[in-house]
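Just so you know, these numbers come straight off a predicted model, no measurement behind them.
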Amino acid sequence: MTSLEGPVARAVRRIRDYVGTNAALLATAAIGAALFAGLIMLSADVYEAVADADGVSLLDQPALDLALSLRTPAGERAVTGFTNLGDTPSMVFITLTVAAALYAHWRRRSILLLVGVAASGSLVFTAVGKTLVGRTRPPFSSAVPPYEHAPSFPSGHTLNGTVIALTFAYLAWWLAKVFWVHVLAPVVGALWAIAMGLSRVYLGHHWLTDVMFGWAFGLAWLALLITVHRVLLRLDRRDRVVAEHGGVPARAPSKVLEPGAPEETPAAARRSGTAGSPRRTAPPQDRPEREEKP
C-alpha cells in the first residue's frame with residue numbers, strides 16, 4: 001500500500017507545485033485562449049449571417065436607413081475627415097509615427113515586433129476576406145462621396161483601426177508606470193475602434209455586419225497576440241528568477257523579447273534580501289590575491 005501511495009503522492013505534489021508556480025502563466029494562457037475562441041466564434045456567426053443573408057445581417061438595411069436619417073452636411077464633412085485617417089496611407093503614417101515615438105521613449109524591441117505582426121496580420125486578413133466573400137457595398141445612392149469600389153466584407157478601416165489602436169493601447173498600458181495612462185489608453189483605443197467602424201456605416205461605405213466582423217476578428221487577433229506576449233514575458237521572468245537563485249533555467253534569460261530593458265528585481269528576491277539573512281557576495285574578479293605571509 002505504501003509503495004503505491006508514494007508515487008501517487010509525489011505526482012500530486014508535482015502537479016500542485018507546478019500549478020502554484022505557474023498559476024499566472026496558466027491563467028494568462030487560459031484567458032487568452034477563451035477570448036480568442038469566443039471572438040472567433042462570434043466572427044464566424046457574423047460571416048455565416050452575411051453568407052446566408054439572414055440572422056444579424058437583417059440589421060444591415062435598418063442601420064443604413066438610420067445613418068441616412070442622421071446625416072447633415074456638417075456631419076458628413078467631419079466624419080469623412082475622420083474616416084480618411086483609416087485609409088492605408090494615413091494608417092501607415094500614423095502607425096510608423098506612433099511606434100517610433102514609443103520606441104524612442106521606452107527602447108523596447110517588443111514595440112516594433114508587436115506592431116509589425118499585428119498590422120501585417122490585419123492587412124492579410126482584410127485582403128483574404130474581401131477576396132473570398134466578394135460582398136457588394138451599399139448602393140452609391142446611399143453613400144457619401146468619394147465612392148469606394150473594393151469588396152465590402154470585412155471593413156478594412158474597422159479591422160485595421162481596431163488592431164492598431166488597441167495594440168498601442170496595450171503597449172502604453174504595459175509600459176507606462178502612471179495610473180492615468182493605464183485608464184486612458186484603453187479608453188482612447190476603444191473609442192477610436194468604435195468610431196472608425198460607425199463612421200463607415202454613417203457614410204454608407206459599409207454594411208453594419210462588415211463592421212461587426214472587423215471588430216470581432218480584430219479583437220480575436222489582438223487577444224491571441226497579447227496572450228502569446230504575456231506568456232513569453234512570464235517564461236522569461238521565471239527563468240531570470242531561477243538564475244538569480246543559483247539554479248539552471250530552462251533557457252538563458254537573455255531578454256530575447258526585451259534586450260534593452262532594465263533588470264527587474266523579483267519581489268521574492270527583494271523580500272529574501274531584506275529578511276535579515278546575510279548575503280554572500282562573490283569577490284571582485286579584478287582584486288589581486290593576498291600575498292601569503294612567510
Side-chain angles (χ1 to χ4, degrees), residues 35-88 90-91 121-166 186-223:
L35 284 174
F36 181 75
L39 291 167
I40 283 295
M41 287 190 291
L42 176 60
S43 303
D45 289 341
V46 174
Y47 174 81
E48 290 179 2
V50 170
D52 298 336
D54 60 3
V56 73
S57 66
L58 298 178
L59 298 175
D60 284 337
Q61 190 60 50
L64 182 59
D65 294 338
L66 177 61
L68 287 169
S69 67
L70 296 175
R71 285 181 192 168
T72 63
E76 292 177 1
R77 289 192 297 269
V79 176
T80 298
F82 172 73
T83 202
N84 287 341
L85 296 176
D87 293 342
T88 300
S90 300
M91 282 301 297
S122 65
L123 289 173
V124 170
F125 298 146
T126 300
V128 171
K130 288 182 179 296
T131 302
L132 291 178
V133 180
R135 190 184 194 188
T136 305
R137 290 180 183 264
F140 289 159
S141 60
S142 302
V144 176
Y147 303 121
E148 301 182 15
H149 303 275
S152 185
F153 186 92
S155 169
H157 283 65
T158 304
L159 177 55
N160 297 327
T162 299
V163 171
I164 297 300
L166 293 180
V187 171
V188 172
L191 289 177
W192 176 281
I194 294 171
M196 185 60 68
L198 294 180
S199 72
R200 308 303 290 166
V201 179
Y202 178 85
L203 297 173
H205 296 319
H206 280 284
W207 302 104
L208 179 61
T209 43
D210 302 337
V211 170
M212 292 175 62
F213 183 88
W215 283 331
F217 200 89
L219 289 173
W221 174 232
L222 195 63

task: Check whether any side-chain N or O of T83 sits under 3.5 Å from a backbone N or O of V79 as a donor-acceptor pair, and report yes or no.
output: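 Side chain of T83 to backbone of V79: no pair is present.
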task: Could you tell me whether the side chain of S199 and the main chain of M196 form a donor-acceptor pair under 3.5 Å?
output: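 Yes; judged by distance alone, with no hydrogens or angles, the pair exists.
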Test side chain to side chain donor-acceptor pair (under 3.5 Å) applied to T126 - qualifying residues, sequence neighbours left out: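 Per chain and number, T126 pairs via side chain to side chain donor-acceptor pair (under 3.5 Å) with no residue.
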task: Please identify each residue that fulfils side chain to side chain donor-acceptor pair (under 3.5 Å) with H205, with sequence neighbours left out.
output: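 H205 satisfies side chain to side chain donor-acceptor pair (under 3.5 Å) with no other residue.
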task: List in chain and number order the residues that pass ring pair (Phe, Tyr, Trp, His ring centres under 6.0 Å) with F140, two or more places apart in sequence or in another chain; answer none if no residue qualifies.
output: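 Per chain and number, F140 pairs via ring pair (Phe, Tyr, Trp, His ring centres under 6.0 Å) with Y147, H149.
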How long is the gap from [atom1] on [X] to [atom2] on [Y], to the nearest 0.5 Å?
X    : Y    : atom1 : atom2 : answer
W221 : T162 : CH2   : OG1   : 14.5 Å
S122 : N160 : OG    : CG    : 4.0 Å
N84  : H157 : CG    : NE2   : 7.0 Å
L66  : Y202 : CG    : OH    : 10.5 Å
L222 : I164 : CG    : CD1   : 9.5 Å

message: So S142 and L68, do their side chains get closer than 4.5 Å, heavy atoms only?
response: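 Yes, close enough: below the 4.5 Å cut-off.
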Minimum side-chain heavy-atom gap L59-T209 below 4.5 Å: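 Of all side-chain heavy-atom pairs linking T209 with L59, none is under 4.5 Å.
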field: Considering all heavy atoms, the nearest A143-G204 contact
entry: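 Smallest heavy-atom distance, with atoms named: CB-O, 3.5 Å.
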query: Closest heavy-atom contact between G189 and A165?
result: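 Here G189 and A165 meet closest at O-CB, 3.8 Å.
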message: Here's a test for you: under side-chain contact (heavy atoms from CB on, under 4.5 Å), which of L85, V187, L166 qualifies with W192?
response: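 That would be L85; it is the only one of L85, V187, L166 passing the side-chain contact (heavy atoms from CB on, under 4.5 Å) with W192.
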Enumerate donor-acceptor pairs with a distance under 3.5 Å from any side-chain N or O in residues 210-218 to protein atoms, sequence neighbours excluded.
{"unit_1": "D210", "atom_1": "OD1", "unit_2": "R135", "atom_2": "NH1", "d": "2.7"}
{"unit_1": "D210", "atom_1": "OD2", "unit_2": "S152", "atom_2": "OG", "d": "2.2"}
{"unit_1": "D210", "atom_1": "OD2", "unit_2": "H206", "atom_2": "ND1", "d": "3.4"}
{"unit_1": "D210", "atom_1": "OD2", "unit_2": "W207", "atom_2": "N", "d": "3.0"}
{"unit_1": "W215", "atom_1": "NE1", "unit_2": "A193", "atom_2": "O", "d": "3.0"}

- request: Using the side-chain hydrogen bond (donor to acceptor under 3.5 Å, both in side chains) rule, collect all pairs that involve residues 65-75, keeping only residues at least two apart or in two chains.
  value: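 For residues 65-75: Q61-D65.
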- request: Output every pair passing salt bridge (Lys or Arg N to Asp or Glu O under 4.0 Å) with a member in residues 140-159, not counting sequence neighbours, ordered by first then second residue.
  value: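 Every pair satisfying salt bridge (Lys or Arg N to Asp or Glu O under 4.0 Å) with a residue in residues 140-159: R137-E148, E148-R200.
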